[in-house]
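Just below is one structure, and these are the notes that go with it.
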Amino acid sequence: MSPFLDRLRSGLTLLLDGGLGSMILARGLSRGQAPESWNEARPDEVTAVHRAYVEAGSDAVQTNTFGGHPARLARAGLLDRCEAIQAAAVRLARAASPRFVIGDLGPSGEYLPPVGRADAAEWRSGFERQGRALAEAGPDALHVETMSDLREARVALASLKAVAPHLPVLVSMTFERKKRGFFTVMGDPLVASLKALVEAGADAVGANCTLASPDLRDLAAEARATLSVPLVVQPNAGQPQPTVEGGVRYAQDPERFAEDMAAVAALGVAAVGGCCGTDPRFIQALRRRLG
């Protein structure tokens with residue numbers, strides 16, 4: 001049993017970090033530039049973001065590798081730096097001295113036909129390559145995030161279990177709220193999707209991104225009523241709103257976020273944090289409520 005998994009199953013809520021990409025953008029990342037490029041180009045800035053979350057109260061930080069799948073790195077012209085980027089990301093997160101470092105993996109950005117041109121073999125080889133590089137750098141766990149297609153999530157999970165069987169693997173889907181409940185854009189329903197991931201071997205499952213804390217509060221209650229495995233919940237800081245400068249802003253107040261997420265934690269959810277638009281203020285407000 002890993003110390004991370006022991007902590008996740010302890011009954012004490014694990015406080016994750018908040019948005020990483022939005023924080024790096026605020027520090028000067030150019031629109032269209034891959035955040036992962038900063039692991040080598042501006043490492044001190046990446047560690048500074050991690051450290052800001054640790055100082056705000058995060059128990060664990062997630063590496064700057066959300067877009068680290070080889071398919072996405074190739075589109076950014078960084079494929080030849082794949083292994084170096086993952087290794088640097090773990091090292092930079094560890095330098096901020098959190099209790100735990102979680103290797104972060106996002107979707108490949110490629111869908112199966114007829115929506116896209118990907119195939120499961122390409123998905124698998126990419127997740128294996130990224131997962132192996134992350135695992136070799138020594139994180140405490142791996143987290144597959146923001147999955148909108150259950151098929152890709154299951155491929156990612158199987159890939160990581162194959163190349164890093166010693167590490168706990170968390171898997172989070174991203175859902176929209178419909179009249180009939182919570183579904184991904186690919187039509188995967190909440191409870192059935194999370195159950196399928198548990199059956200496939202995920203050590204924790206949950207939801208992140210797309211929705212703000214009021215909706216994810218309801219989502220967490222629905223999932224918790226059915227699932228007994230550790231749950232992970234990370235909402236956005238409200239809905240993104242365009243700015244006159246061509247960017248986006250998130251209007252939610254940190255205290256409202258913290259109120260909702262403290263209620264989520266009270267349901268027995270194992271790990272809570274933030275996603276797009278959340279910053280250290282949100283984590284600090286939540287830390288105060290969690291104690």
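These numbers come from the heavy atoms of this one structure, side chains and all, not from hydrogens, waters or symmetry mates. Numbering of residues begins at 1 and proceeds along the displayed sequence.
If you take CE on Met23 and SG on Cys276, they are separated by 13.5 Å, rounding to the nearest 0.5 Å. Atom-to-atom distance recorded for Cys209:SG and Asn236:CG is 4.0 Å, nearest 0.5 angstrom. In this structure, OG1 in Thr210 is found 8.5 Å from CD in Gln239, a value given to the nearest 0.5 Å. Distance check: Leu227 CG to Leu190 CG gives 7.5 Å after rounding to the nearest 0.5 Å. The CG atom of Leu211 sits 5.0 Å away from atom CG of Leu216, with the distance rounded to the nearest 0.5 Å. With rounding to the nearest 0.5 Å, the separation of CD in Gln130 from OG in Ser159 is 10.5 Å.
Residues satisfying the salt bridge (Lys or Arg N to Asp or Glu O under 4.0 Å) criterion with Glu45, sequence neighbours excluded, are Arg27, Arg42. A search for salt bridge (Lys or Arg N to Asp or Glu O under 4.0 Å) contacts involving Glu222 returns nothing, not counting sequence neighbours. With sequence neighbours excluded, the residues forming a side chain to side chain contact (heavy atoms under 4.5 Å, CB included) with Ala76 are Ala34, Leu78, listed by chain and number. When the salt bridge (Lys or Arg N to Asp or Glu O under 4.0 Å) test is applied to Glu136, no partner is found at least two apart in sequence or on another chain. In this structure Asp149 satisfies the side chain to side chain donor-acceptor pair (under 3.5 Å) test together with Arg151, sequence neighbours excluded. Judged as a salt bridge (Lys or Arg N to Asp or Glu O under 4.0 Å), and not counting sequence neighbours, Arg72 has no contacts. Residues meeting the side chain to side chain contact (heavy atoms under 4.5 Å, CB included) test with Gln33, sequence neighbours left out: Leu29, Ser30, Ser37, Trp38. Here Phe100 pairs with Phe4 under the ring pair (Phe, Tyr, Trp, His ring centres under 6.0 Å) rule; sequence neighbours left out.
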Would you check, one step at a time, whether the test side-chain contact (heavy atoms from CB on, under 4.5 Å) holds for Asn208 with Val233? CA-CA 6 Å; Asn208 77 294; Val233 177; over 6 Å; no
Hey, mind stepping through Met173 and Leu197 against side-chain contact (heavy atoms from CB on, under 4.5 Å) and telling me if it holds? CA-CA 10 Å; Met173 305 284 290; Leu197 292 167; 4.0 Å; yes
Carefully, step by step, assess Thr47 and Arg91 under the rule side-chain contact (heavy atoms from CB on, under 4.5 Å). CA-CA 9 Å; Thr47 294; Arg91 184 175 66 254; over 6 Å; no
Evaluate the criterion side-chain hydrogen bond (donor to acceptor under 3.5 Å, both in side chains) for residue pair Asp260 and Ser213; output intermediate values, then yes/no. CA-CA 6 Å; Asp260 287 333; Ser213 60; 2.7 Å; yes
Could you walk me through whether Leu105 and Leu134 pass side-chain contact (heavy atoms from CB on, under 4.5 Å), step by step? CA-CA 9 Å; Leu105 302 93; Leu134 281 170; 3.9 Å; yes
Please determine whether side-chain hydrogen bond (donor to acceptor under 3.5 Å, both in side chains) holds for the pair Thr65 and Glu36, giving the CA-CA distance in whole Å, both sets of side-chain angles, and the decisive distance to 0.1 Å. CA-CA 6 Å; Thr65 50; Glu36 293 74 21; over 6 Å; no
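At a threshold of 4.5 Å between non-hydrogen side-chain atoms, the residues Pro35 and Phe66 do not count as touching. Looking at Arg31 and Leu25, their side chains come closer than 4.5 Å, going by heavy atoms from C-beta outward. Considering only heavy atoms from C-beta on, His50 comes within 4.5 Å of Leu20 through its side chain. Leu170 places none of its side-chain heavy atoms less than 4.5 Å from the side chain of Leu142. Asp104 is listed as a side-chain neighbour of Glu145, based on a closest heavy-atom distance under 4.5 Å. At a threshold of 4.5 Å between non-hydrogen side-chain atoms, the residues Ile85 and Leu73 count as touching.
Using a 3.5 Å distance cut-off with no hydrogens or angles, the side chains of Ser148 and Thr184 do not pair a donor with an acceptor. Using modelled atom types and a 3.5 Å distance limit, the side chains of Ser172 and Gln234 yield no donor-acceptor pair.
A donor-acceptor distance shorter than 3.5 angstrom exists from the side chain of Asn39 to the backbone of Asn64, with no hydrogens or angles considered. Listed for the Arg94 side chain is a donor-acceptor partner under 3.5 Å among the backbone atoms of Gly138. A distance-only check finds no donor-acceptor pair linking the side chain of Thr278 to the backbone of Ala237 [under 3.5 Å]. Remark: the backbone N or O of Tyr53 is paired with a side-chain donor or acceptor of Ser58 at under 3.5 angstrom.
Nearest heavy-atom pair, Ala212 versus Pro235, reported as atom, atom and distance to 0.1 Å: C-CB, 3.6 Å. Residue Ser108 comes nearest to Ala71 through the heavy atom pair O-CB, 3.9 Å, listed as atom of the first residue, atom of the second, then distance. For the pair Glu122 and Ala118, the tightest heavy-atom approach, listed with the atom from each and the gap, is OE1-CA, 3.7 Å.
Between Glu176 and Lys178, at least one side-chain nitrogen of the basic residue sits less than 4.0 Å from a carboxylate oxygen of the acidic one, meeting the salt-bridge criterion. Under 4.0 Å is where a charged nitrogen must lie from a carboxylate oxygen, and between Arg51 and Asp44 no such pair does. Using a cut-off of 4.0 Å between Lys/Arg side-chain N and Asp/Glu carboxylate O, Arg117 and Glu110 are scored as not salt-bridged.
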Can I get a per-line list of side-chain donor-acceptor pairs under 3.5 Å for residues 199-207, giving both atom names and the distance, sequence neighbours left out?
unit_1	atom_1	unit_2	atom_2	d
Asp203	OD2	Lys161	NZ	2.9
Asp203	OD2	Val169	N	2.8

Please tabulate, one pair per line, all N/O donor-acceptor pairs under 3.5 Å involving side-chain atoms of residues 281-291, not counting sequence neighbours.
unit_1	atom_1	unit_2	atom_2	d
Arg281	NE	Asp279	OD1	3.1
Arg281	NE	Asp279	OD2	3.2
Arg281	NH2	Asp279	OD2	3.0
Arg287	NE	Gly291	O	3.3
Arg287	NH1	Gly57	O	2.8
Arg287	NH1	Asp59	OD1	3.4
Arg287	NH2	Gly291	O	3.1
Arg288	NH2	Glu255	OE2	2.7

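Identified under the ring-ring contact (aromatic ring centres under 6.0 Å, His included) test for residues 111-137, with sequence neighbours left out: His69-Phe127. The ring-ring contact (aromatic ring centres under 6.0 Å, His included) pairs that include a residue from residues 156-184 number zero, where partners must be two or more places apart or lie in different chains.
No continuous path of hydrophobic side-chain contacts links Leu16 to Leu267 [ILVMFWY only; heavy atoms under 4.5 Å].
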